[in-house]
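Here's the structure, in C-alpha cells; my notes come after.
Counting convention: from 1, in listed order, for ligands and their atoms alike.
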Amino acid sequence: MRRRRARVVRYDRRVIVGAPREIKPGEQRVALTPAGVRALVERGHTVLVEAGAGAGSGIRDDEYATVGTTLTAADALWAKAELVLKVKEPMPSEVKQLRGQTLFTYLHLAADRALTDALRKTDAVFVAYETVQRPDGSLPLLTPMSEVAGRLAVQEGAFYLGRAHGGRGVLLGGVPGVPRGNVVILGAGTVGMNALRTAVGLGADVWILDVNLDRLRHVEELYGNAVVTQMSNSYNVEEAVLRADLLVGAVLVPGARAPVLVTKAMVATMKDGAVIIDVAVDQGACIETIRPTTLAEPIYRVGNVVHYGVTNMPALVPRTSTFALTNATLPYVLEMANRGVAGAMRANPALAMGVNVCRGKLVHPAVAAFVGEAPTPLDACQV
Ligand SMILES: NC(=O)c1ccc[n+]([C@@H]2O[C@H](COP(=O)([O-])OP(=O)(O)OC[C@H]3O[C@@H](n4cnc5c(N)ncnc54)[C@H](O)[C@@H]3O)[C@@H](O)[C@H]2O)c1
C-alpha cells in the first residue's frame with residue numbers, strides 16, 4: 001500500500017531524532033515504527049533511521065522512507081541525531097559514539113556497574129524506559145513487555161505440553177467428554193492477568209493466586225466463576241501445584257528478589273510431563289528449580305517436569321513487541337522533541353523519573369545507591 005507523506009505542522013523547536021539498528025546479539029526490535037516517524041515529521045522534526053533497522057521486526061526500509069525518514073548509516077546517525085531512540089543498552093561501539101545526545105532506551109543500570117561507569121564518562125543524557133514512573137508508582141514502559149510475556153507464557157506452555165515437545169500430551173481446552181487442562185498462575189499483576197486471559201481464551205481450567213485480595217476481586221469481577229481465585233500462601237500453593245498441567249510464575253515484589261513460592265519438594269509432587277514457565281526468572285524466579293534459559297535452548301527437565309526460564313520472552317515475537325513498546329514510548333518521544341528534553345522533564349514528572357545519568361552525574365536514586373553515592377538533583381544538571 002502506498003502511504004501518504006506526513007502533513008507537516010511546524011513547531012518552533014525542531015530536533016533531529018535517530019533510531020539506529022539494534023546491535024546487541026539476538027535483539028530484533030526497533031525503537032521507532034513508521035507511525036512514529038510520521039508523528040515526528042508532522043511536527044517538523046527530522047528523523048534518521050538506520051537502513052535495515054526494522055528488518056528483525058518485519059518493517060522494510062521503504063516503509064520508513066515513504067513517511068519521510070532519511071535512511072542513514074550508523075556513524076552519520078550517531079553524529080547528527082540529538083535524540084537517539086534505542087531498545088537495549090548501548091554496546092561498547094555505541095558508547096564511543098556518545099557526545100551530548102539524549103539517549104532514550106532500556107538501560108537497567110542498577111544491575112551493571114561497568115555500563116554505569118562508562119555512561120557517566122560521557123557528556124550525554126540517559127533516560128531509561130524502565131524507570132519512567134507515574135505518580136501512582138506504575139511503570140508504563142515496562143507494562144507492554146509484561147503484557148507480551150504473560151500472553152506468551154500460556155502460548156509457550158500449551159506448546160511444550162505437546163507430547164512431541166516433552167510435555168504431558170494435554171490439550172488445554174480439552175474436548176467434550178475429556179477434562180480441560182489445568183493452568184495455575186502465581187501472581188495476578190500484568191503478567192498474570194495476561195496469562196489468565198490467554199488461558200481462559202483457550203478454554204483451560206484456570207486457578208490464579210495472589211497475596212493482594214484486591215487483585216483477586218478484580219479477577220472475579222472480570223471472569224466470574226470461570227476462574228478459581230486463591231489467596232497465595234504455602235498451603236494453597238502446595239495444593240494448586242499438585243493439580244497443574246501448566247504452572248506460570250508471575251509474581252513481583254518491587255525492588256526485591258522474587259519470593260520462592262514453589263519449593264523443589266513441591267515440584268517433585270507435580271504430574272509427569274507438567275510444564276513450568278517462570279516469567280519472574282528475571283527477578284530470581286519464584287519456583288526453586290527454575291534457572292535462566294535462552295530462546296535458543298528454552299527448556300530443561302527436573303525429574304519429569306519441563307522447566308522454561310527464558311529471561312527475554314518478548315524477543316520471541318519481536319514484531320508484536322516492537323509495536324507494543326513504541327506505542328508506549330512515542331508520547332514521551334514526542335514530548336521530548338516538541339518541548340526539548342529539559343522542558344519535557346519540567347512538564348512531566350513521570351518522564352523526569354526516567355533520567356538516570358545526566359552529563360556525568362548520577363540522577364536516579366536507585367542507580368546512585370547502587371554505586372554508593374548520593375543522587376544529584378535533576379535541577380542541578382544541565383539537561
Ligand atoms: N521473562 C521475561 O521475559 C519477562 C518479561 C516481562 C516481565 N517479566 C517479569 O515478570 C514478573 C511479573 O511482572 P508484572 O509486570 O506482572 O508485575 P506486577 O507488579 O504487575 O505483578 C506482580 C504480582 O505479584 C503479586 N505477588 C507478590 N508477591 C506474591 C506472592 N507471594 N504470591 C502471589 N502473588 C504475589 C503482586 O501482588 C502483584 O499482583 C516480574 O519479575 C517481571 O520482571 C519477565
- In the protein, what heavy atom is nearest to atom 5 (C) of ligand 1, and what distance, to one decimal place, separates them? A149 CB, 3.4 Å
- Query: Quick one: which ligand 1 atoms are inside 4.0 Å of a heavy atom on P314?
  - Reply: 3 (O)
- Message: Counting only heavy atoms closer than 4.0 Å, does ligand 1 sit against the backbone of C286, its side chain, both, or neither?
- Response: neither
- In ligand 1, the atoms that come under 4.0 Å of a heavy atom of R215 are 39 (O)
Atom pairs and distances, donor-acceptor, side-chain atoms in residues 151-161, under 3.5 Å, two or more places apart:
from, atom 1, to, atom 2, distance (Å)
R151, NE, N194, OD1, 2.7
R151, NH2, N194, OD1, 3.1
E156, OE2, Y308, OH, 2.7

- Message: Strictly below 4.0 Å, N to O, side chains only: are D62 and R60 in salt-bridge contact?
- Response: yes
- Looking only at atom types and distance, does a side-chain atom of T293 sit under 3.5 Å from a main-chain N or O of V310, one as donor and one as acceptor? yes
- Query: Does M313 reach ligand 1 with a nitrogen or oxygen that is under 3.5 Å from one of the ligand's nitrogen or oxygen atoms?
  - Reply: yes
- Task: Look at atom 41 (O) of ligand 1 and say which protein heavy atom is nearest, naming residue and atom and giving the distance to 0.1 Å.
- Result: Q283 CG, 3.0 Å
- Task: Pick whichever of T190, L209, V281 has a heavy atom sitting closest to atom 18 (P) of ligand 1.
- Result: T190
- Note on the structure: Of all protein heavy atoms, the one nearest atom 40 (C) of ligand 1 is L252 CD1, 3.8 Å
- Query: Can you tell me which residue and heavy atom of the protein come closest to atom 11 (C) of ligand 1, and the distance to 0.1 Å?
  - Reply: V251 O, 3.7 Å
- Item | Trace of the side-chain contact (heavy atoms from CB on, under 4.5 Å) decision for V183 with I185 | CA-CA 6 Å; V183 178; I185 301 166; 3.9 Å; yes
- Note on the structure: Filtering L152, V211, T311, V260 for the heavy atom nearest atom 28 (N) of ligand 1 leaves V211
- Query: Taking heavy atoms and a distance under 4.0 Å, where does S232 meet ligand 1: side chain, backbone, both or neither?
  - Reply: side chain
- So among Q28, K86, K88, which one has a side-chain hydrogen bond (donor to acceptor under 3.5 Å, both in side chains) with E22? K86
- So, the side chain of R301 versus the backbone of G166: is there a donor-acceptor pair under 3.5 Å, distance only? yes
- Message: Using a 4.0 Å heavy-atom cut-off, which part of N312 comes near ligand 1: side chain, backbone, both, or neither?
- Response: backbone
- Query: Who's closest to atom 10 (O) of ligand 1 heavy-atom-wise, of V191, D214, N233?
  - Reply: V191
- Please step through side-chain contact (heavy atoms from CB on, under 4.5 Å) for the pair V251 and L261, ending with a clear verdict. CA-CA 9 Å; V251 306; L261 306 185; 3.6 Å; yes
- Quick check: does S146 get an N/O under 3.5 Å from an N/O on ligand 1? yes
- Query: Which residue supplies the protein heavy atom nearest to atom 9 (C) of ligand 1, what is that atom called, and how far is it?
  - Reply: D282 OD1, 3.2 Å
- So is there a nitrogen or oxygen of V279 less than 3.5 Å from a nitrogen or oxygen in ligand 1? yes
- Query: Could you give all pairs that pass the ring-ring contact (aromatic ring centres under 6.0 Å, His included) test and reach residues 128-153, with sequence neighbours left out?
  - Reply: F104-Y129, Y106-Y129
- Before giving the answer on side-chain contact (heavy atoms from CB on, under 4.5 Å), spell out for V148 and V317 the whole-Å C-alpha distance, their side-chain angles and the decisive distance to 0.1 Å. CA-CA 8 Å; V148 170; V317 288; 3.6 Å; yes
- Query: Any nitrogen or oxygen of V310, main chain or side chain, under 3.5 Å from a nitrogen or oxygen of ligand 1?
  - Reply: yes
- Starting from atom 21 (O) of ligand 1, find the nearest protein heavy-atom neighbour and note its residue, name and distance. G189 CA, 3.2 Å
- Query: Is K361 atom NZ crowded by more than 12 heavy atoms from other residues, nucleotides or ligands, each under 6.0 Å away?
  - Reply: no
- A258 heavy atom under 4.0 Å from ligand 1: no
- Item | From CA spacing to verdict: side-chain contact (heavy atoms from CB on, under 4.5 Å), L98, L119 | CA-CA 9 Å; L98 290 163; L119 299 191; 4.1 Å; yes
- Query: Among protein heavy atoms, which lies nearest atom 38 (C) of ligand 1, and at what distance?
  - Reply: D210 OD2, 3.6 Å
- Closest approach of V30 and G54, non-hydrogen atoms and distance? CG1-CA, 4.1 Å
- CZ of R215: more than 12 outside heavy atoms within 6.0 angstrom? yes
- Note on the structure: for atom 31 (N) of ligand 1, nearest protein heavy atom and its distance come out as L261 CD2, 3.4 Å
